[in-house]
Amino acid sequence: MKIIACYSNKGGVGKTTTSVNLAYAYARAGKQVLLCDLDPQGASGFYLRVKPSKKLTEARFFEDVKRFVNAIRASDFEGLDVLPANLTFRDFDVFLSRMRNKRSRLKKALIAAGSDYDVIILDCPPNFSTLSENIFKAADEIVVPVVPTTLSERSFDQLVSFFDEHKLRKKKLRAFFSMVQRRKTLHHETMDMMRERYRRRFLKCVIPFAADVEKMGQHRAPVSVYAGRSAASAAYQALYEELENGVVSGK
């Protein structure tokens, strides 16, 4: 079983759309996929027509495999299930801070509850926290969308510094450029500069800024379902293929 976290410490960079489209790509390839919507806003579940949990379940339900499994819902797509968002997920940090073995608890819970799945994808909230550090340790790969702008560049620098300061494995970071506008000189210059600085961190695929991605909220489905021949659909497929077949070296 592989655990993939879609994470960014900056909002509005395409993290949730990446989570949904990547989960769909894995499912379409024949994998059994669980998409965990860890962001209390519940956007991943919304895109896949899965309602947030109405019960205010305590965050510690991750310790209870039966309750975890019972909370999982099927999506409209074969092989793709969803753990819906829950408002109490905002209390994860308080819960984790009280645990002695807080660093390994999340991974143990995911492995125990997700034993029927080939891939677990985590749609993560955009912040640095005890939860995010747990996610960094639990995930096999951390997929990081980066918009090629100054603020997103700064956010990625902060993420890399966080990994250095906490002695986390940077090899897990699989960054890629998101919401790219080819006509903008700034985007080209920023991509060239960041690829030069972080040669081992960035994937080759690029997700374009496209109306087809923005329409996910209207169609409530992955891009490939309603715009299968679009550039955005091809880009998300390329992201899936590069994650499956590509290799990023380094510590």
Side-chain angles (χ1 to χ4, degrees), residues 2 4-29 33 35 43-44 47 119 121-124 126 139-160 163 170-217 219 221-250:
K2 179 187 292 186
I4 300 174
C6 284
Y7 174 85
S8 173
N9 46 314
K10 186 180 185 304
V13 297
K15 171 182 61 64
T16 295
T17 55
T18 297
S19 300
V20 172
N21 285 288
L22 193 57
Y24 178 71
Y26 272 100
R28 191 168 61 171
V33 183
L35 174 57
S44 286
Y47 282 141
V119 181
I121 294 179
L122 310 177
D123 183 15
C124 310
D140 298 302
E141 295 180 313
I142 303 163
V143 179
V144 186
V146 178
V147 180
T149 62
T150 303
L151 287 179
S152 287
E153 177 187 355
R154 179 172 179 269
S155 295
F156 188 71
D157 290 342
Q158 291 172 339
L159 177 60
V160 173
F163 267 64
K170 287 188 292 186
K171 184 178 181 180
K172 293 183 178 184
L173 294 175
R174 314 297 297 275
F176 68 95
F177 290 109
S178 174
M179 301 173 68
V180 175
Q181 298 184 53
R182 296 288 189 180
R183 295 181 180 181
K184 287 191 173 182
T185 301
L186 174 63
H187 281 205
H188 285 283
E189 291 176 347
T190 302
M191 286 192 293
D192 290 343
M193 181 173 57
M194 292 191 72
R195 286 193 188 281
E196 179 66 24
R197 187 189 312 168
Y198 296 111
R199 293 181 181 180
R200 296 176 175 178
R201 303 279 75 84
F202 274 84
L203 300 171
K204 294 179 180 179
C205 67
V206 171
I207 307 298
F209 181 85
D212 287 320
V213 178
E214 295 182 320
K215 290 178 182 178
M216 283 179 63
H219 294 277
V223 174
S224 296
V225 173
Y226 59 86
R229 297 183 178 180
S230 67
S233 175
Y236 282 120
Q237 180 63 26
L239 174 61
Y240 155 74
E241 291 176 358
E242 193 168 359
L243 286 172
E244 278 294 274
N245 305 317
V247 176
V248 175
S249 60

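Side-chain atoms are counted along with the backbone in the values below, which use heavy atoms only and exclude waters and symmetry mates.
- Taking the side chain to side chain contact (heavy atoms under 4.5 Å, CB included) definition, one finds that A43 meets it with T16, sequence neighbours left out.
- With hydrogens and angles disregarded, no donor-acceptor distance shorter than 3.5 Å links the side chain of S152 to the backbone of P148.
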Determine whether R197 and D157 satisfy the following criterion, side-chain contact (heavy atoms from CB on, under 4.5 Å), listing intermediate values before the conclusion. CA-CA 10 Å; R197 187 189 312 168; D157 290 342; 3.0 Å; yes
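- In R154, the CZ atom is not crowded: 12 or fewer heavy atoms of neighbouring residues, nucleotides or ligands sit closer than 6.0 Å.
- The aromatic rings of F177 and F202 sit parallel to each other, their planes meeting at less than 30°, with 60° as the upper class boundary.
- The NZ atom of K171 lies 10.0 Å from the CD atom of E141; values are rounded to the nearest 0.5 Å.
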Would T190 and T150 count as a side-chain contact (heavy atoms from CB on, under 4.5 Å) here? Give the steps. CA-CA 8 Å; T190 302; T150 303; 5.8 Å; no
Full working for side-chain contact (heavy atoms from CB on, under 4.5 Å) between V225 and H219: CA-CA 9 Å; V225 173; H219 294 277; over 6 Å; no
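- Atom CG of residue L239 and atom CG of residue N21 lie 9.0 Å apart, to the nearest 0.5 angstrom.
- Across A221 and Y226, no two heavy atoms sit closer than the pair O-CE2, 3.4 Å.
- Considering all non-hydrogen atoms of both residues, A232 and A210 come closest at CB-CB, 4.3 Å.
- We find the OG1-CE distance between T17 and M179 to be 8.0 Å, quoted to the nearest 0.5 Å.
- Checked against side chain to side chain donor-acceptor pair (under 3.5 Å), R195 has no partners two or more places apart in sequence or in another chain.
- Once rounded to the nearest 0.5 Å, the distance linking CZ of F209 with NE2 of H187 reads 9.0 Å.
- For the pair K170 (side chain) and F163 (backbone), a donor-acceptor distance under 3.5 Å is absent.
- Of all heavy-atom pairs spanning P208 and A235, the tightest one is CD-CB, 3.7 Å.
- Of all heavy-atom pairs spanning I121 and C6, the tightest one is CG2-SG, 4.3 Å.
- Partners of Y236 according to the ring-ring contact (aromatic ring centres under 6.0 Å, His included) rule, which considers only residues two or more places apart in sequence or in another chain, do not exist here.
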Begin from the C-alpha positions of L35 and Y26 and carry the test side-chain contact (heavy atoms from CB on, under 4.5 Å) through to its verdict. CA-CA 11 Å; L35 174 57; Y26 272 100; over 6 Å; no
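- Rounded to the nearest 0.5 angstrom, K10 NZ and K15 NZ are separated by 12.5 Å.
- Ring orientation note: the planes of Y198 and F156 are nearly perpendicular, at an angle over 60° on the 30°/60° scale.
- Taking each heavy atom of C124 and Y7 in turn, the nearest pair found is CB-CD1, 3.9 Å.
- To the nearest 0.5 Å, the span separating CD on Q237 from CD on E242 amounts to 12.0 Å.
- In plain terms, the two heavy atoms of A139 and A5 that are nearest each other are CB-CB, 3.9 Å.
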